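Worksheet: the structure to be examined is printed underneath.
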Amino acid sequence: DSIKIFAPATVANVSCGFDALGLAINAVGDEMIFTKTETKGVSISKIEGAELTFDSHKNAASVVAWAMLDKIKPDFGVTIALYKKVKPGSGLGSSASSSAGAAFAMNKLLGNPFSNLELTEFARLGEKAACGSPIADNVAAAIYGGFILVKSYDPLEIVKLPVPEELWVTVIHPQIEIKTEDARNVLQPTVTVANAVKQSANLAGLISGLYTDNYKLISRSLEDVIAEPYRKKLIPHFDDIKNDGLKAGALGVGISGSGPTLFALSKGEKIAKNVAESMRTIYSKTTIDFNIYVSKVN
Ligand code: HSE
């Protein structure tokens with residue numbers, strides 16, 4: 001009894017939704033194989049693509065698997081083979097991909113006892129193991145797919161948002177590593193009332209744009225006054241990529257999660273690919289290695 005799954009990378013925040021919005025990128029994700037074992041408990045048989053711990057009480061994927069086995073207490077254990085395609089410290093929800101993938105796969109092996117909301121709760125334990133905070137935006141996007149809103153944390157409430165038919169995402173991942181913890185430490189502990197109003201109005205505008213297929217409203221709402229002003233300094237050529245991406249027709253350009261990956265939303269595949277080219281042009285002139293993915297949001 002074995003199951004092979006794909007767990008998508010994700011863009012968290014999506015500019016105006018700090019810790020609240022997430023979307024799945026189908027073009028890249030971790031692959032994982034979960035195999036039932038007679039020995040109880042969780043082990044990791046293989047990790048390819050990243051230097052991660054084989055300690056099953058510390059690795060994000062296996063921490064999630066342990067929690068689910070402890071809850072159901074089946075008469076089997078599980079071993080995990082992890083093929084990491086989403087690089088740690090990329091801002092593409094690397095630990096979330098493994099955590100969400102583990103929750104999804106374990107649910108299948110256990111006979112589907114859990115809802116998506118419960119799977120998100122389990123997956124948050126992997127996030128906590130990996131980066132210290134049980135953030136839900138990436139894991140919920142990987143589990144639900146498409147575009148999601150973390151409406152509240154206590155109790156956890158996830159809202160699946162509608163996605164306009166022609167919404168595409170472009171991401172460029174410059175291969176430098178930024179730890180989420182470090183990117184959270186550069187944020188200010190307080191927000192002015194003026195900025196709180198701006199951010200919440202933008203978030204409302206974006207959500208409204210998603211419900212009404214209003215690409216212009218989506219575009220006007222993709223602004224972040226809480227994290228981007230502080231985090232962009234950590235990302236080489238951020239302003240150039242953003243300006244050229246917008247010139248190439250993107251609806252908006254921002255930091256994917258805690259960076260260094262940048263994302264752009266576009267109307268239609270053609271513009272999304274033009275935006276990818278504009279991003280490629282900038283990093284091609286540097287010594288920075290990078291990956292680019294273009295994907296329909298759905
Ligand atoms: N919302 C999180 C952040 C994403 O921006 O710090 C990383 O999980």
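One-based numbering, in listed order, for ligands and for the atoms of each. The analysis underlying the following values was restricted to heavy atoms, covering all of them including side chains, and did not include hydrogens, waters or symmetry mates. Here, residue 1 is the first one in the sequence, and each next residue gets the next number. What you see is a predicted model; the values in this text were computed from it and never measured.
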Taking 4.0 angstrom as the limit and counting only heavy atoms of Arg231, give me the atoms of ligand 1 inside it, by number and element.
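Going through ligand 1 atom by atom, the ones under 4.0 Å from Arg231 are 3 (C), 5 (O), 6 (O).
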At less than 4.0 angstrom from any non-hydrogen atom of Ile135, what atoms of ligand 1 do you find?
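By the 4.0 Å cutoff, the relevant atoms are 8 (O).
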Protein heavy atom at shortest distance from [atom]:
| atom | value |
| --- | --- |
| atom 8 (O) of ligand 1 | Asn138 OD1, 3.0 Å |
| atom 1 (N) of ligand 1 | Asp19 OD1, 2.5 Å |
| atom 3 (C) of ligand 1 | Arg184 NH1, 3.2 Å |

Of the listed options Thr180, Asn13, Thr10, closest to atom 5 (O) of ligand 1 (non-hydrogen atoms):
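Considering heavy atoms of Thr180, Asn13, Thr10, the nearest to atom 5 (O) of ligand 1 sits in Asn13.
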Electrostatic pair Glu127-Arg124, nearest N-O below 4.0 angstrom:
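Not counted as a salt bridge, because no side-chain N and carboxylate O are separated by less than 4.0 Å.
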With respect to Asp30, which candidate in Lys87, Lys85, Lys84 satisfies the salt bridge (Lys or Arg N to Asp or Glu O under 4.0 Å) definition?
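It is Lys84, the one option of Lys87, Lys85, Lys84 that forms the salt bridge (Lys or Arg N to Asp or Glu O under 4.0 Å) with Asp30.
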Does the Lys NZ or Arg CZ of Lys160 fall within the cation-pi geometry relative to Tyr144 - under 6.0 Å from the ring centre and within 45° of the axis?
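Negative - Lys160 is either too far from the ring of Tyr144 or too far off its axis.
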Any side-chain heavy-atom pair of Ser95 and Thr180 under 4.5 Å
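When only atoms from C-beta onward are counted, Thr180 and Ser95 do not touch, as no gap falls below 4.5 Å.
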Applying the side chain to side chain contact (heavy atoms under 4.5 Å, CB included) criterion to Leu234, which one of Ile178, Ile255, Ile176 satisfies it?
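That would be Ile178; it is the only one of Ile178, Ile255, Ile176 passing the side chain to side chain contact (heavy atoms under 4.5 Å, CB included) with Leu234.
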With a heavy-atom distance limit of 4.0 Å, tell me whether Glu181 approaches ligand 1 through its side chain, its backbone, both, or neither.
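It is neither part, as no heavy atom is under 4.0 Å.
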Crowded around Glu157 CD? As in, over 12 foreign heavy atoms under 6.0 Å?
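Atom CD in Glu157 is crowded, with more than 12 foreign heavy atoms closer than 6.0 Å.
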